[in-house]
Structures are given as structure tokens and as C-alpha cells.
Amino acid sequence: MLARDGLLRLIGPDGQVYLNEKVDSWSWANPDNFHRTLLIKIQKGENIGVLDERGHVVVPLQYRNLRWFVDGLLCLEDAARQQVIFNRQGREVVPKQTAEMYYAGRGLFMVVKNRELGKSGMVDSTGQTVLPFEYAECRIIQEDNAFTYSPFLMTRRLKQRLYAMHALDGRPLTEALYTDARWSSFAPGLLFVQLPDNTWQMLGDNGQLLHEDAFDQLDRSGRAVIGSKNNVGHAFFRLDGTRVTDFLYSSARGLTNDYQATEFARRLGLDSYLKLLGEASRTGKPQVFIDIEGRELILPKEK
């Protein structure tokens, strides 16, 4: 690529000139990831458009603002503040409209037609409606680090404070029963949901309640899930939601250090650190390790 005195020239590795055009300015459409996306934003006067690496038009030169470019999808806005979403091949996947559009993750977009009237919904990258425009809030549940998207949606209707859970295709999984939800990529088929009394429940990937227990705390810890009940104790669960111990322990945690877990497994006579879930203690008793079957193992003293 060469740019001089307003002339933008794209030259291929074989020396072929793909584009030789006067522009007022140009930049990478996504400067944080230009080496992979290779889409170029050009501007002439007040109008902008987008080209690919061979100078082919992806977005025609008739928009005023490139709002965002995520996962190969571009959102542009025209002079009338109408927004439209294109894929990197130049096809409109969400038609032009005055609604506000946000990339929600997993190839889904939240479309806000009227926030005050509770008219938010979701569409997919083909432009098909996934969630109808009936919600005050709808979003994909993310991991705590905010970088990983779950396979679950949560929605809230206007004048309601409780959330319902949905699959990514919009299929409802639960009624509007919950105040919050958490998810971990280490246990992708589980969803932890909070009830109005601040207790937690464990749901499977189809929204089914896996245990009748209401937990005071429910967290993924290493390769285990730890559930606790006040005045009762902590219990261990596998990452698929299977409970392997009773609520016996005053403290419990999963093993997060694989090197350390390997050494513990060796000393306990196990053939793999993956057979250990974590360690726990009871008042007045020695610390124990818990294996995937829920058995208590005591670390022998080294000679």
C-alpha cells in the first residue's frame, strides 16, 4: 500500500495495482487488528466507505461514520443517523434503521428501537430476529473477565426487576425468576442464577434445575464447583453439576495449580491430577483431599 498527496494505491505481491484512487484520508477499519482484517476505511468529503485489500468496495462511499467493526461485521451510520450492518463481503446483514445497534457477542446484535418503551431485542448475523423487540434489557451472560461469552441470554421486561434465561437462538429456558446470573467457561454447561432472597441455584444447559438446593454461595473453584449452605457446610460438585459430597465441610476449595495438584495426586497414589477435585477441612479434623468420586483422601507423610 502506498499513500501520497491523497492518492491511495494498493499493490499486490505480484506488482499488480488493485487500486489507484484519490481520497481525502484513509485508515484501517479496525486499527487494533488490521493485520488480520485488512479492511480499509476511506473518506472523500463528508462520506466514508470501506474497501478490502484488493480495492473492492465492501461498503459504498455514502456513510458518515464507521461506528464499530467486530468479528468481521461493520456498523455504519448515514447522514440521517440511520445505522446498517455489513459483513466483510459487503452484504447487509441488518438493514438500515434508526435504532441503536450494539454487538452483543456470539454473532448477535442488540437492537434498541425505543429503550423507554422497552423495545429492545436481538438479531443474528443473517438479520433474523432472535429475541423480539419486547425487552427493557437483553444481553449475553459473560464470564467475570468480560472476555468470554456464554451460551445463555438473560432478559428483563419493562417495569420488571427479575430476569428470564434464554438459549442463544432465543429459545426461553426459564421464567423471569432471577436477579442475577453467573457463568464460567470451565463449566460451560452450567448456569448459576440468583433468586430474590440472594440464594443461588444451579441450572443445566437447557435451563433445568439440577438440584433442589438453594445455596448461600455457589462458585466454580479450579476443577470443582463449591456450594455452601449457612449453618450446614460446603459440598463438592463436578464441573458437570454432579454432587459428589454432602455439605460436610467448614471450608472447601478446588485445586487451581496443576503442578501442585500433580504432586498431591502422586503422593495420594492417584494416576492423574485430574482425579482430584480439591481440598477441604472439618472442625477438629485433619485436612483432606476430595477425588472425583467424592472420597476423602489424607496426604501421607513423606519419609
Side-chain angles (χ1 to χ4, degrees), residues 140-145 147-154 165-168 173-174 177-178 180-195 198-283 285-300:
I140 299 179
I141 299 167
Q142 292 178 259
E143 199 160 18
D144 288 342
N145 62 20
F147 291 112
T148 311
Y149 296 98
S150 81
F152 301 100
L153 301 167
M154 59 192 300
M165 306 297 148
H166 303 254
L168 287 182
L173 300 178
T174 75
L177 301 172
Y178 306 106
D180 199 5
R182 295 203 312 265
W183 176 83
S184 169
S185 58
F186 289 90
L190 299 181
L191 185 63
F192 304 154
V193 287
Q194 188 177 41
L195 293 164
N198 293 324
T199 60
W200 292 83
Q201 291 182 319
M202 187 188 304
L203 306 183
D205 56 5
N206 287 320
Q208 71 273 25
L209 185 64
L210 296 183
H211 303 279
E212 293 297 330
D213 304 281
F215 305 94
D216 293 294
Q217 292 184 339
L218 188 62
D219 293 289
R220 195 272 307 178
S221 178
R223 289 178 297 280
V225 172
I226 309 295
S228 65
K229 297 181 180 181
N230 284 346
N231 304 317
V232 179
H234 298 72
F236 281 84
F237 299 77
R238 297 178 194 150
L239 293 178
D240 63 1
T242 302
R243 183 163 65 89
V244 296
T245 76
D246 289 330
F247 294 86
L248 300 173
Y249 303 103
S250 56
S251 67
R253 73 176 186 92
L255 299 176
T256 57
N257 184 319
D258 288 348
Y259 176 82
Q260 189 180 50
T262 299
E263 178 61 18
F264 289 148
R266 181 190 67 79
R267 293 175 60 188
L268 290 165
L270 301 176
D271 58 11
S272 170
Y273 73 93
L274 296 174
K275 292 187 177 179
L276 275 182
L277 283 185
E279 55 186 327
S281 60
R282 301 194 219 184
T283 304
K285 294 190 176 184
Q287 185 180 51
V288 296
F289 288 87
I290 307 298
D291 73 2
I292 59 174
E293 303 301 328
R295 294 176 300 185
E296 293 184 357
L297 304 172
I298 297 176
L299 200 65

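Keep in mind that the numbers below use all heavy atoms, side chains included, and drop hydrogens, waters and symmetry copies. Predicted model, so just to flag it, every value in this text is computed and none were measured. Count residues from 1 along the sequence.
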(request) Please report the shortest heavy-atom distance between P151 and P188, naming the atom on each side. (result) CG-O, 3.9 Å
(request) Heavy atoms only: give me the nearest T199-A214 pair and the separation to one decimal. (result) OG1-CB, 3.8 Å
(message) So if I apply the side chain to side chain donor-acceptor pair (under 3.5 Å) rule between Y249 and each of K285, H234, E296, which one comes out positive?
(response) E296
(request) State, yes or no, whether a side-chain contact exists between L173 and L203 at a heavy-atom distance under 4.5 Å. (result) no
(message) Using only atom types and a distance under 3.5 Å, with no angle test, would you say the side chain of S250 pairs donor to acceptor with the backbone of S281?
(response) yes
(message) Please identify which of these residues, I141, L168, I140, meets the side chain to side chain contact (heavy atoms under 4.5 Å, CB included) condition with Y149.
(response) I140
(request) Identify the two heavy atoms, one from M165 and one from A181, that lie closest to each other, and give their separation to 0.1 Å. (result) CE-CB, 3.9 Å
(message) If you compare all heavy atoms of I226 against all heavy atoms of S221, which two are closest, and at what distance to 0.1 Å?
(response) CG1-CB, 3.9 Å
(message) Just verifying a value: how many Å separate L239 CG and F186 CZ, rounded to the nearest 0.5 Å?
(response) 9.0 Å
(message) With a 4.5 Å cut-off on side-chain heavy atoms, are M154 and V193 touching?
(response) no
(request) Working to the nearest 0.5 Å, report the span between CZ of F192 and CD of Q201. (result) 12.5 Å
(message) Do D291 and L268 make a side-chain contact, defined as non-hydrogen atoms from C-beta onward lying under 4.5 Å apart?
(response) no
(message) For D240 and T242: C-alpha separation, side-chain torsions, deciding distance, then whether side chain to side chain donor-acceptor pair (under 3.5 Å) applies.
(response) CA-CA 6 Å; D240 63 1; T242 302; 2.9 Å; yes
(message) Counting C-beta onward and ignoring hydrogens, is there a side-chain heavy-atom pair between E143 and S184 closer than 4.5 Å?
(response) yes
(message) Once rounded to the nearest 0.5 Å, what's the spacing between atom CZ of R223 and atom CG of L276?
(response) 7.5 Å
(request) Look up atom CG in D258 and atom CG in L274, then write down how far apart they are to the nearest 0.5 Å. (result) 7.5 Å
(message) Are more than 12 heavy atoms, taken from residues, nucleotides or ligands other than Q217, located less than 6.0 Å from that residue's CD atom?
(response) no
(message) For I298 and V288: C-alpha separation, side-chain torsions, deciding distance, then whether side chain to side chain contact (heavy atoms under 4.5 Å, CB included) applies.
(response) CA-CA 5 Å; I298 297 176; V288 296; 4.0 Å; yes
(request) Please name all residues satisfying salt bridge (charged side-chain N to carboxylate O under 4.0 Å, His left out) with D271, sequence neighbours left out, ordered by chain then number. (result) K275
(request) Just say parallel, tilted or perpendicular for the rings of F215 and F237, cut-offs at 30° and 60°. (result) perpendicular
(request) Could you tell me the separation between the CZ atom of F152 and the CG atom of L190, rounded to the nearest 0.5 Å? (result) 7.5 Å
(request) Taking the side chain as every heavy atom from C-beta outward, state whether W183 and T148 have any atom pair closer than 4.5 Å. (result) yes
(request) Answer yes or no: is there a donor N or O on one side and an acceptor on the other, between the side chain of R182 and the main chain of R220, under 3.5 Å? (result) no
(message) Minimum heavy-atom separation for A224 and L277, please, with both atom names.
(response) CB-O, 3.8 Å
(message) Please check: side-chain N/O of R267 versus main-chain N/O of G269, any donor-acceptor pairing under 3.5 Å?
(response) no
(request) Over all heavy atoms of both residues, which pair between A280 and I290 is shortest? Give the atoms and the distance, please. (result) CB-CG1, 4.4 Å
(message) For residues 245-257, which residue pairs pass the salt bridge (Lys or Arg N to Asp or Glu O under 4.0 Å) check, not counting sequence neighbours?
(response) R243-D246, R253-E279
(request) Nearest 0.5 Å please: distance from the CG atom of D213 over to the OG atom of S228. (result) 11.0 Å
